[in-house]
> 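Have a look at this one.
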Amino acid sequence: MYNPQSRRAEDFINHEEIEATLAWADANKSNRELIEAALKKAANYEGLTHREGALLLACDLPDMNQKILDTAVAVKEHIYGTRIVLFAPLYLSNHCVNTCTYCPYHAKNKTIVRKKLDQKEIEREVIALQDLGHKRLLLEAGEHPKHNPIEYILESIKTIYSIKHKNGAIRRLNVNIAATTVENYKKLHDAEIGTYQLFQETYHKETYKALHPKGPKSDYDYHTEAHDRAMEGGIDDIGLGVLFGLNLYRYDFVGLLMHAEHLEAVWGVGPHTISVPRICPADDIDPSTFSNAVPDELFLKIVALIRLAVPYTGMIMSTRESQDIRTRALKLGISQISGGSRTSVGGYTIKDVNEVENTAQFETSDRRSLDEIVHWLLDNHYLPSFCTACYRAGRTGDRFMQFAKTGEIATYCQANALVTIKEYLCDYARPETRKIGEAVIERELPKVVHEKIRAASAKRLIRIEAGERDFRF
């Protein structure tokens with residue numbers, strides 16, 4: 001039976017409940033009264049249940065579908081303002097024992113170049129990322145007990161945090177590694193990671209088994225229950241995601257919302273982030289072999305509905321997506337994007353493009369530099385943010401959500417975005433980026449509602465100009 005409070009995967013991601021939800025949504029896809037009621041709830045920042053989300057996804061009324069998009073824009077602007085958080089992935093190793101059919105790291109792939117960074121190489125990668133202006137990274141590694149044990153991950157985290165180059169520093173390190181034990185999650189927590197991300201890929205159990213024939217990841221239940229073990233281990237900021245295009249999108253969309261509901265029911269706080277990757281080309285992986293591809297307009301509707309369903313959860317979009325899709329998705333709900341990304345092992349210090357592609361997990365569609373991304377955001381009236389303050393101030397998990405749901409967090413976020421973009425403009429930006437950035441700071445400073453924090457922000461901006469660094473509220 002469906003039970004969001006259970007920690008058994010088959011209970012909180014219940015197949016019968018998903019099928020019943022989809023059937024109910026189909027039966028009511030033209031029910032204007034139900035659709036309007038769900039949208040009214042979403043417009044009040046109350047979120048959506050998995051059934052309400054499925055209903056809006058199935059909606060076939062053109063005016064209501066437009067209203068879904070318009071409501072998502074309004075909710076995004078109310079909660080996040082113009083702020084967009086920036087990060088970059090850092091791939092440590094592509095050695096992997098799994099046989100995932102959609103990932104080029106799979107153990108049977110004999111064409112990809114296998115590579116693992118040692119600590120000196122990690123140091124060079126981090127310095128290169130710091131010299132671009134990055135303050136937060138996402139650590140990535142394949143699953144391999146010999147090449148990538150937890151000890152290697154922990155040593156790498158220590159190395160990354162220890163590096164201070166010029167004015168650079170990595171202030172928040174999020175981690176995306178394979179499902180593991182409560183004991184290992186405790187070790188990651190003690191290593192002071194930020195968010196632990198783990199993507200489900202698909203919630204449809206039989207499809208999941210077919211996509212993961214062998215290896216530790218083939219255990220659906222162990223993988224699906226990993227976020228609970230992470231929370232038990234003390235990590236209270238966790239990230240969800242599915243790989244759209246592997247299975248029927250409606251099933252995975254409902255499963256994603258059910259997973260968020262489960263975390264809220266058991267731990268009192270839902271996911272800190274939700275990522276929305278789509279299957280894309282990579283080495284020996286051809287997306288055309290997957291028959292459930294999600295077209296752009298439908299994908300953007302999914303982005304909008306996730307924003308409405310979990311209004312206070314950060315939404316992440318990587319450079320898998322094109323500039324056009326990312327531009328449109330920012331308005332609808334995306335609050336974090338990667339910039340200047342390399343999905344290859346050692347990619348930030350490799351100069352040979354061919355060598356970079358030899359170890360990449362997937363092809364990036366948006367290949368602009370970080371400064372080009374920052375300039376683009378500024379030019380489109382967004383406020384780029386390199387903020388890591390909440391994590392460092394202990395505003396995580398349910399404590400973060402308490403601030404978020406009252407709206408109090410916006411004052412901190414706005415002020416922290418201003419001081420971190422000022423650092424970027426002083427240390428790394430091209431002259432043309434700095435010029436437009438200074439104008440944006442002047443426009444955005446009055447939006448800091450709290451008078452004392454606004455005054456303090458103005459003083460700190462002057463101090464940053466004079467050479468001081470690392471202010472936070």
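Computed from a predicted model, the values in this text were never measured in an experiment. For the single chain, residues carry numbers from 1 onward in sequence order.
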> Between Phe12 and His262, how do the two ring planes meet: parallel, tilted or perpendicular, split at 30° and 60°?
parallel

> Can a donor-acceptor pair be found, under 3.5 Å and without considering hydrogens, that links the side chain of Arg229 to the backbone of Tyr222?
yes

> With Gln402, which residues qualify under side-chain contact (heavy atoms from CB on, under 4.5 Å), at least two apart?
none

> Going from CD1 on Ile150 to CD on Glu155, what distance comes out if it is rounded to the nearest 0.5 angstrom?
12.0 Å

> Say you draw a straight line from CZ of Arg368 to CD1 of Ile373; how long is it, rounded to the nearest 0.5 Å?
3.5 Å

> Would you please say whether a donor-acceptor pair under 3.5 Å links the side chains of Asp228 and Trp267?
yes

> Could you tell me if the side chain of Lys331 sits less than 4.5 Å from the side chain of Tyr382, heavy atoms only?
yes

> Under a 4.0 Å N-O cut-off, is there an ion pair linking Glu225 with Arg7?
no

> What's the shortest heavy-atom distance between Gly245 and Val294, and which atoms?
N-CG2, 4.1 Å

> Is it true that atom NZ of Lys164 has more than 12 heavy atoms of other residues, nucleotides or ligands lying nearer than 6.0 Å?
yes

> Going from OG1 on Thr396 to CG on Asp237, what distance comes out if it is rounded to the nearest 0.5 angstrom?
5.0 Å

> Hey, does the side chain of Ser275 reach the backbone of Pro277 with a donor-acceptor pair shorter than 3.5 angstrom?
no

> Would you check if the side chain of Asn44 reaches a backbone N or O of Glu46 as a donor-acceptor pair within less than 3.5 Å?
no

> Could you pull out all residues at least two apart from Val85 that satisfy side-chain contact (heavy atoms from CB on, under 4.5 Å)?
Arg136, Gln336, Ser385

> Quick check: do Lys115 and Ser93 have side-chain heavy atoms less than 4.5 Å from each other?
no

> Measuring from atom CZ of Arg8 to atom OG1 of Thr224, what distance do you get when rounded to the nearest 0.5 angstrom?
12.5 Å

> Can you sort out the partners of Phe253 under ring pair (Phe, Tyr, Trp, His ring centres under 6.0 Å), two or more places apart, ordered by chain and number?
none

> Does the side chain of Asn3 come within less than 4.5 Å of Glu10's, by heavy atoms?
no

> Quick check: do His50 and Glu17 have side-chain heavy atoms less than 4.5 Å from each other?
yes

> In terms of the angle between their ring planes, are His78 and Tyr45 parallel, tilted or perpendicular, with boundaries placed at 30° and 60°?
parallel

> Got a donor-acceptor contact below 3.5 angstrom from the Gln197 side chain to the Asn176 backbone?
no

> Might you work through the side chain to side chain contact (heavy atoms under 4.5 Å, CB included) test for Ile18 and Arg250, ending with a clear yes or no?
CA-CA 9 Å; Ile18 295 178; Arg250 296 176 67 212; over 6 Å; no

> For the residue pair Arg172 and Phe386, would you count it as a cation-pi contact if the rule is NZ or CZ under 6.0 angstrom from the ring centre and within 45 degrees of the ring axis?
no

> How long is the straight-line distance from CD1 of Ile160 back to CG of Leu173, given to the nearest 0.5 Å?
5.0 Å

> Shortest non-hydrogen contact from Leu86 to Pro384?
CD1-CB, 3.8 Å

> With a 3.5 Å distance limit and no angle check, can you tell me whether His106 reaches the backbone of Asn109 through a side-chain donor-acceptor pair?
yes

> Without swapping roles, check the side chain of Arg342 against the backbone of Leu90 for a donor-acceptor pair under 3.5 Å.
no

> Using every non-hydrogen atom in the two residues, find where Leu129 and Ala88 come nearest and quote the distance to one decimal.
CD2-CB, 3.8 Å

> For Tyr196 and Tyr185, take the angle between the two ring planes, folded into 0 to 90°, and tell me which bin it lands in: parallel under 30, tilted 30 to 60, perpendicular over 60.
perpendicular

> Which pair of heavy atoms, one from Gly268 and one from Asp398, lies closest together, and at what distance?
O-CB, 4.3 Å

> Ignoring hydrogens and angles, state whether a donor on the side chain of His95 or Asn148 is under 3.5 Å from an acceptor on the partner side chain.
no

> Can you name the closest pair of heavy atoms from Trp24 and Leu34 and give their distance?
CZ2-CD1, 3.9 Å

> Is it true that a side-chain atom of Lys116 and a backbone atom of His147 form a donor plus acceptor pair closer than 3.5 Å?
yes

> So does Asn31 get a backbone contact from the side chain of Asn28, meaning a donor-acceptor N/O pair under 3.5 Å?
no

> Answer whether the closest heavy-atom distance between the side chains of Thr21 and Tyr2 falls below 4.5 Å.
no

> Side-chain contact test, heavy atoms from C-beta onward, threshold under 4.5 Å: evaluate it for Leu332 versus Leu69 and give yes or no.
yes

> Please determine if Lys301 forms a cation-pi arrangement with Tyr249, meaning its NZ or CZ atom is less than 6.0 Å from the six-membered ring centre and no more than 45° off the ring axis.
no

> Compare every heavy atom of Val97 with every heavy atom of Pro216, then report the nearest pair and how far apart it is.
CD-CG2, 3.6 Å

> Which one of Arg326, Arg328, Arg278 satisfies the side chain to side chain donor-acceptor pair (under 3.5 Å) criterion with Glu321?
Arg278

> Using the side chain to side chain contact (heavy atoms under 4.5 Å, CB included) rule, take Tyr203 and Met258 through it: C-alpha gap first, then chi angles, then the decisive distance, then the call.
CA-CA 10 Å; Tyr203 286 99; Met258 290 170 71; over 6 Å; no

> Name the orientation class of the two ring planes belonging to Tyr105 and Tyr91 (parallel below 30°, tilted from 30 to 60°, perpendicular beyond 60°).
perpendicular

> Only one of Ile316, Leu330, Asp366, Thr319 clears side-chain contact (heavy atoms from CB on, under 4.5 Å) with Ile337; which?
Leu330

> Do Phe87 and Asn174 come close enough that some side-chain heavy atom pair is under 4.5 Å?
no

> Establish, from distance only, whether the side-chain atoms of His212 and Glu201 form a donor-acceptor pair under 3.5 Å.
no

> Check the pair Lys187, Asp190 against side chain to side chain contact (heavy atoms under 4.5 Å, CB included), reporting the backbone distance first and the verdict last.
CA-CA 5 Å; Lys187 292 177 180 177; Asp190 292 344; 5.7 Å; no

> Within the distance-only criterion (no hydrogens, no angle test), does the side chain of Tyr161 pair as donor or acceptor with the backbone N or O of Glu192 below 3.5 angstrom?
yes

> Could you go through Asp236 and Arg399, starting from their C-alpha distance and side-chain angles, then the distance that decides it, and tell me whether this counts as side chain to side chain contact (heavy atoms under 4.5 Å, CB included)?
CA-CA 10 Å; Asp236 52 7; Arg399 295 172 299 286; 2.9 Å; yes

> Once rounded to the nearest 0.5 Å, what's the spacing between atom OG of Ser218 and atom CG of Leu211?
12.0 Å

> For the residue pair Thr207 and Tyr251, establish whether any side-chain heavy-atom pair is separated by less than 4.5 Å.
no

> Do Lys217 and Glu143 meet the salt-bridge criterion of a basic N to acidic O distance under 4.0 Å?
no

> Counting only N and O atoms by type, is there a donor-acceptor contact under 3.5 Å from the side chain of Lys158 to the main-chain atoms of Ala191?
no

